[in-house]
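Below: one structure, written as structure tokens.
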Amino acid sequence: MLASYIYGDREKKLQKSLTYKLLPYTMGGKKALENAFEMTCFAENRQLEGALVECGVAQGGTSAMMALASRVLGETPRQKWLFDSYEGLPEPTAEDYEGGKTGHFIRPLPKGSCLGTIEQVSELMFDTLEFPKEEVHLIKGWFQDTTPVYREKVGKIAVLRLDGDWYESTKVPLENFFDQVVEGGLIIIDDYATCFGSRKAVDEFRTNRNITNPLNPDGRGGAWFEK
């Protein structure tokens with residue numbers, strides 16, 4: 001179904017070339033990059049308003065994919081907001097465990113796992129890919145501290161990508177940014193099918209907000225839905 005959002009050989013060739021280029025910068029692999037491209041392509045083809053936001057950037061590969069796809073396919077530059085502790089994951093909480101496990105195919109990762117430093121991401125976005133600093137905002141800190149502070153500055157959101165693994169790291173960005181996603185905008189949850197806490201946070205949020213738009217699998221353990 002995702003492939004139906006990519007119109008023509010130009011986009012398919014671009015997706016392939018960017019995926020190859022950015023594989024060294026992501027822990028999510030090929031499918032995560034492809035999904036990030038497809039969601040951004042969808043937003044550009046629909047000419048949705050708003051920024052590209054990722055919460056859980058790690059080494060910056062999927063953020064870079066959204067930024068590059070938008071730069072090539074979009075009519076005007078979008079703001080890019082990249083939220084991360086830049087110190088790795090926090091500790092999982094009780095909400096992340098089911099039967100002593102934190103998810104399918106994922107062990108209880110200790111604090112500091114999945115580290116991407118702000119220096120690494122800065123080098124990728126500003127030096128390697130040459131994005132202007134006025135377009136890309138690297139926000140360092142735990143989500144509960146940063147997302148409420150920057151919510152108004154971010155403004156409207158076209159694509160919101162969540163890759164925080166744990167319950168709180170998924171719940172907090174959803175609560176702070178969902179209302180700013182424009183109608184027809186995309187919400188990507190990288191860990192929905194692999195991390196119990198992430199799935200729980202999303203299911204609770206969707207139930208509390210009476211969200212009935214379907215959750216679509218991304219083919220690798222994540223999911224996405226349209227607002």
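All values below come from the heavy atoms of this structure, side chains included, with hydrogens, waters and symmetry mates left out. Please read all numbers here as calculations on a predicted model, not as lab measurements. Along the sequence shown, the residues carry numbers beginning at 1.
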Name the residue from Lys153, Gln79, Lys80 that meets the side chain to side chain donor-acceptor pair (under 3.5 Å) definition with His137.
Gln79

What do the steps show when you test Asp218 against Glu38 for side chain to side chain contact (heavy atoms under 4.5 Å, CB included), and what is the final call?
CA-CA 10 Å; Asp218 68 0; Glu38 286 159 356; over 6 Å; no

d(Ile188 CD1, Leu162 CG) to nearest 0.5 Å is 8.5 Å

Let me see the working for Arg71 and Glu135 under side chain to side chain contact (heavy atoms under 4.5 Å, CB included), right down to the final yes or no.
CA-CA 11 Å; Arg71 182 161 71 182; Glu135 282 184 23; 5.9 Å; no

Strictly below 4.0 Å, N to O, side chains only: are Glu87 and Lys140 in salt-bridge contact?
yes

Which residue in the set Phe178, Phe225, Tyr192 passes ring-ring contact (aromatic ring centres under 6.0 Å, His included) when paired with Phe205?
Phe178

Which heavy atom of Tyr97 sits nearest to which heavy atom of Pro92, and what is that distance?
OH-CG, 3.6 Å

Checking Arg78 against Glu44 for the salt bridge (Lys or Arg N to Asp or Glu O under 4.0 Å) test, could you report, in this order, the C-alpha distance in whole Å, the side-chain angles of both residues, the deciding distance, and whether it holds?
CA-CA 10 Å; Arg78 295 181 186 270; Glu44 295 298 351; 2.7 Å; yes

Same hydrophobic cluster for Trp224 and Leu52, using side-chain heavy-atom links shorter than 4.5 Å among ILVMFWY?
yes

At what distance, to the nearest 0.5 angstrom, does NZ of Lys227 lie from CG of Leu48?
11.5 Å

Work out which heavy atom in Asp190 is nearest to a heavy atom in Ala32; give both atom names and the distance.
OD1-CB, 4.2 Å

Between Asp191 and Ser198, is the side chain to side chain donor-acceptor pair (under 3.5 Å) condition met? List the steps.
CA-CA 6 Å; Asp191 309 294; Ser198 180; 4.8 Å; no

Please check if atom CD in Glu75 has more than 12 non-hydrogen atoms from other residues, nucleotides or ligands closer than 6.0 Å.
no

Closest non-hydrogen atom pair between Leu215 and Val202, with its separation
CD1-CG1, 4.4 Å

Does Tyr150 belong to the same Ile/Leu/Val/Met/Phe/Trp/Tyr cluster as Val121, with side-chain heavy atoms less than 4.5 Å apart forming each link?
no

Closest approach of Phe126 and Leu138, non-hydrogen atoms and distance?
CZ-CD1, 4.1 Å

